[in-house]
Amino acid sequence: MEQLLEILRSMHPDVDFSAAMDLIDDGILDSLDIVTLVTEINSVFDVTIPAEEIVPENFNSADALMALINKLDEE
Amino acid sequence: MRFTSYEFLGFLVLLFPLYYLVPKKWQWGVLLAASYLFYAFAGWDCILFILLTTLSSYGVACWIGWRASAEETYLACHREEMDKERRKAYKAKEKKRRFHILLLGLVFNFGILAVLKYTGFAMSGFNQILNVIGQGTLEIPDLLLPMGISFYTFQTMGYLIDVYRAKTKVERNPARLALFTAFFPQLVQGPISRHSDLAEQLYMPHSFDRKEFIFGLQRILWGYFKKLVIADRILIAMKTLLADPEEYRGGYVVMLILLYSVEIYADFTGGIDITIGIAQALGMKLRENFNRPFSSHSTKEYWNRWHITMGSWFTDYVFYPLSVCKPMMKLSKWSRAHLGNSLGKRVPVYLATTVTWFLTGLWHGAGANFIVWGLLNCLVILVSQELEPLYARFRRRFPNLSSSNGYGKFMAVRTFLLMGLIRSLDCYRNVGTTFRLWGSMLTVWNWGELPKGMLRLGLGVADYVIILGGCLIMASVSVMSAKRGLRERLYQHPVLSWVLCGGLLIAVLLLGAYGIGYDASQFIYDQF
Amino acid sequence: MKRSWMAVFALGLAVILSLSLFGCRKTEDNEASGGHFSVQYKGVTLEIGQPAEEVLKALSDPVSKKEIGDCGGLGAQVRYDYSSLILYVLESKDGAVIDQITLTDDLVATEKGICIGDSQDKVKEAYGNVIQSDGSRLVYTSGDNQLIFEIKDGKVSGIDLMQITQ
Amino acid sequence: MNLKKRILIAVCAILVITLILSFLQLLVVPKYRSNPEGAMIGEYYDQAGGHDVIFVGDCEVYESIVPATLWEEYGISSYVRGSAQQLVWQSYYLLEETFRYEKPRAVVFNVLALKYGTPQSEAFNRMTLDGMKWSTSKWKAIQASMTEEEHFLDYVFPLLRFHSRITQLTAEDFQYAFDAPAVSQSGYLMQTNIVPMTEAEEEGRTLSDYTLPESAMNYLEQMRLLCEKNGAELILMKAPTNSWAYWWYEEWEEQICTYAEEKNLSYYNFIPLCEEIGIDWNTDTYDAGVHLNVYGAEKLSRYFGALLQSAHHIPDRRSEAETSARWQERMDAYRKQKIQLEKE
């Protein structure tokens with residue numbers, strides 16, 4: 001989880017990701033950030049997030065992201 | 001049949017009562033018939049292509065749906081003897097096969113679009129190469145371009161991809177899918193709806209709701225006001241300016257940029273208001289295609305507020321798949337290894353953005369200027385992405401200035417002008433001329449003769465006053481409706497709403513640029 | 001794996017090719033064989049439907065000019081007599097357009113070099129087999145223009161270039 | 001805010017909006033003061049009835065026939081329903097409408113309009129048709145005259161056509177919005193100035209086709225049958241003009257003569273009769289030979305009146321009190337306008 005927060009912070013240092021609950025809906029993360037995030041996660045956590053998983057529900061908070069990563073990991 | 005023709009108004013006047021009188025279960029049938037009648041006005045032979053697209057996507061969607069259910073039943077009944085590994089391999093194989101079926105549908109339909117819309121462009125490009133090596137030229141066939149082909153093709157392909165991603169259920173009834181593809185209000189210029197949003201609404205019976213119906217009519221009237229009174233009036237001056245770009249240089253180019261920004265806003269949002277208004281009068285909710293675009297502070301934000309459904313289509317179906325597909329993953333690993341982490345991280349994103357914007361430009365029109373328009377937008381977005389840390393430091397150093405209202409206004413004006421500049425590529429349709437004229441804005445200084453010159457473009461002082469008044473009305477409506485729906489508030493005061501609507505109706509009939517004096521032009525986006 | 005990729009693309013290409021061949025072309029308007037008719041006079045090419053302003057400026061001033069307004073005062077027919085041709089111009093609120101050209105002597109020729117006095121056969125040889133020949137005239141059409149040769153005992157006695165009126 | 005109140009407000013609002021729109025329509029519709037040719041058709045209705053001869057046709061008719069002279073010299077009560085470039089089907093439908101108001105003994109039609117077989121110009125259509133009162137005849141006339149760019153709705157609601165004039169309104173538009181004085185004398189448009197015809201006559205230009213359009217001749221035939229049905233005698237005439245722009249070709253003359261003989265109608269071509277009528281192209285034309293001015297028109301009317309009385313037995317009604325009282329007014333108006341115009 002810590003690694004994920006660290007990646008997020010490197011993109012937007014002034015945002016408190018641990019608490020934020022709607023990163024997409026509030027427009028904090030836009031399409032460019034999402035893609036950078038996905039490529040980072042794929043390389044760091046060695047999973048491949050398919051395009052259909054890139055939906056607001058999965059990216060709105062760090063926890064949701066972590067849940068997605070774990071799901072992809074043990075599938 | 002254009003939105004601004006008597007035939008279309010007659011068509012609506014007949015459709016609405018019929019739609020609400022016919023038994024509920026036949027309502028969607030009436031819509032389907034109306035949509036194909038509307039389409040037939042554009043030409044019988046175009047119907048062939050929209051049918052081709054509808055049937056092909058119906059077939060492909062059913063095939064994918066059938067494969068998916070076959071996979072589930074197979075997995076269900078062989079659950080015990082298949083361990084995790086074999087089940088994973090089987091699922092991957094099935095997904096690959098479904099992907100091929102999807103690819104078949106995409107290639108076929110995008111093939112139609114490419115052949116009908118871009119052969120001319122491709123061949124003229126090819127001819128240029130031939131001329132260079134002196135081999136003479138190919139004869140370019142003048143192919144028929146069915147109305148709204150770009151819009152309905154994208155909408156059905158979105159449906160196919162959603163079916164492949166199991167985001168929406170497969171439509172078993174071809175007639176229902178035909179209605180989804182050819183729903184007449186959005187045929188002309190979108191919005192590009194998603195099957196999961198629109199499908200249910202289309203087939204659900206709708207009982208007459210007086211409030212929704214009145215809101216719909218009000219929005220249609222508002223669309224016609226923007227379109228006929230403002231957009232088509234400006235078009236008169238623009239036609240003169242564009243007829244002879246060499247003569248109207250310097251200050252005129254600036255005027256053209258300003259006029260075109262207002263004209264395209266009024267024309268496009270007007271058309272979309274008519275579309276959404278018709279849908280609302282029929283009891284349906286279409287996605288908003290604009291969200292006060294001229295108040296955006298950056299180009300990125302602008303493209304989240306202008307032609308939203310197109311932007312989200314390209315993001316969901318081109319940008320994301322492109323940036324997470326296997327070759328891109330390999331590329332990002334390679335670039336991370338060789339170019340170091342910070343640069344390597346950017347390569348896949350920038351490549352995906354550039355390709356997406358190239359396709360967006362190409363989608364807008366078969367012309368080099370559209371592609372350059374797309375790439376310029378991409379360049380601005382990527383540059384501002386790069387400058388992000390610089391902006392962050394600036395905001396930290398001057399916190400009160402950067403959060404002040406004035407700075408916000410400055411950024412909005414800057415984005416408005418920048419977008420206007422790039423958008424003028426649409427007008428001049430030739431990249432060379434456009435760049436030359438951009439240059440002339442700085443070199444040629446003819447602001448002195450501008451006041452007289454502008455009156456020679458076919459518009460009198462009264463016309464410019466009407467345009468200015470129109471802009472003020474549009475701005476104030478946009479500000480008022482930002483907080484809470486304007487029509488909602490007006491509904492409480494029927495007298496006031498009748499006065500305003502009556503005023504709008506009189507303004508449209510009296511000041512509209514329509515009829516024999518003017519030839520009310522097509523929507524700018526109409527030639528898609 | 002390879003085979004299915006190839007199948008998909010082959011089918012796609014076949015579809016595109018068939019489409020482009022079948023590609024429903026717009027119905028080409030059947031351009032008549034004759035090119036556009038025109039007359040060369042004092043270095044200026046005169047054509048029907050051409051805006052009259054520049055042409056009148058380019059030609060030196062005419063021998064005579066007669067203008068007749070129409071009843072409602074909405075437009076006018078103007079007749080410019082030059083040394084070897086007459087130019088009829090139609091003026092209306094959206095500008096002045098050349099409506100008809102009548103050649104009056106053999107100093108001016110059509111774009112295929114036919115002048116007054118040439119033989120009937122020379123006309124047929126230049127403009128191809130006769131499309132319309134009613135008695136003493138040879139009439140050729142191209143687009144919405146018409147070229148009429150009056151024939152008197154085997155020789156061209158008058159040449160007229162005009163729009164086909166319904 | 002109950003429903004009944006909302007509906008009441010809605011009805012009132014719609015009423016007010018319609019009132020405003022109809023007032024705006026009256027405002028923007030052209031008043032045709034500077035070019036009176038557009039205002040003449042509408043003036044017939046308040047003088048309708050009691051005419052023995054009705055003239056229909058284009059500018060040649062309303063510039064060469066003076067009903068006042070016909071009355072003064074022969075007691076013939078007549079009216080000219082002419083308008084600018086009136087096409088033959090428009091004349092037919094005008095006649096159809098006129099027969100509903102009165103039954104004249106004779107109808108005179110000027111044959112020049114037979115050269116047009118298809119709709120010509122939107123502006124002339126409006127000048128002829130907007131003045132007509134709404135009837136099936138007007139509806140059919142519009143259908144027959146519309147060019148491609150025109151819409152039937154633009155005739156039903158002239159505001160849709162003339163709305164762009166809102167930015168060019170003049171005092172005239174406000175002054176004559178509700179009613180306007182007549183511009184013509186029983187359909188005759190008086191022209192007093194003199195512009196002599198200078199050079200020798202030139203021939204008209206060569207035509208691609210000298211046969212009169214079939215559609216036009218069909219309407220002429222229908223006009224003949226219509227007159228027969230209504231007990232009126234159709235007389236054909238060709239007003240005297242002497243200009244290359246409105247040249248009367250011999251081929252056309254032959255076709256009209258053969259048609260007239262076939263249907264035994266009387267046809268008077270006044271061009272060769274100019275000397276006999278006494279028309280002098282130096283004093284009797286206001287535009288160098290294209291149309292007659294008032295002096296020429298009076299001469300022609302005097303000549304034609306004699307013909308109408310002798311050959312077509314049009315009665316002399318000067319003895320009838322009621323008709324002559326009506327005509328007395330018209331004669332005063334005619335003389336007053338003539339004096340006034342000659343002063344200008």
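If you're wondering where the values come from, they're calculated on a predicted model, not measured in any experiment. First the proteins, then the strands, lettered A, B, ... as listed; each starts at 1. Heavy-atom basis, side chains included; hydrogens, waters and symmetry copies ignored.
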Query raised in the report: Using the ring of each side chain (for Trp, its six-membered ring), is B:F184 parallel, tilted or perpendicular to B:F38, with breaks at 30° and 60°?
Result: tilted

Report task. On the 0 to 90° scale, with breaks at 30° and 60°, tag the D:W139-D:F152 ring pair as parallel, tilted or perpendicular. Result -> perpendicular

Report task. Using non-hydrogen atoms and a 4.5 Å limit, figure out which bit of D:L160 sits close to chain B: side chain, backbone, both or neither. Result -> both

Query - Top of D:E149, D:Q25, D:H151, D:H163 for chain B proximity - count of heavy-atom pairs under 4.5 angstrom - result: D:H163

Query raised in the report: Among pairs that include at least one residue of residues 12-21 of chain B, which meet salt bridge (Lys or Arg N to Asp or Glu O under 4.0 Å), considering only residues two or more places apart or in two chains?
Result: none

Query raised in the report: With respect to chain D, which residue among B:I466, B:V461, B:L510, B:L511 yields the maximal number of heavy-atom pairs within a distance under 4.5 Å?
Result: B:L510

Requested in this report: Find the one option among D:I20, D:L159, D:D154 whose heavy-atom pairs under 4.5 Å with chain B are most numerous.
Outcome: D:D154

Report task. Say whether D:D58 and D:Q85, considering side chains only, have a donor N or O and an acceptor N or O under 3.5 Å apart. Result -> no

Report task. May I ask you to establish whether B:K227 and B:F3 are in a cation-pi arrangement, using a distance under 6.0 Å from NZ or CZ to the six-membered ring centre and at most 45° from the ring axis? Result -> no

Query raised in the report: Which answer fits D:Q168, side chain, backbone, both or neither, if we ask what part of it has an atom under 4.5 Å from a heavy atom of chain B?
Result: neither

Requested in this report: Among the options B:L509, B:D463, B:V495, pick out the one with the most heavy-atom pairs lying under 4.5 Å from chain D.
Outcome: B:L509

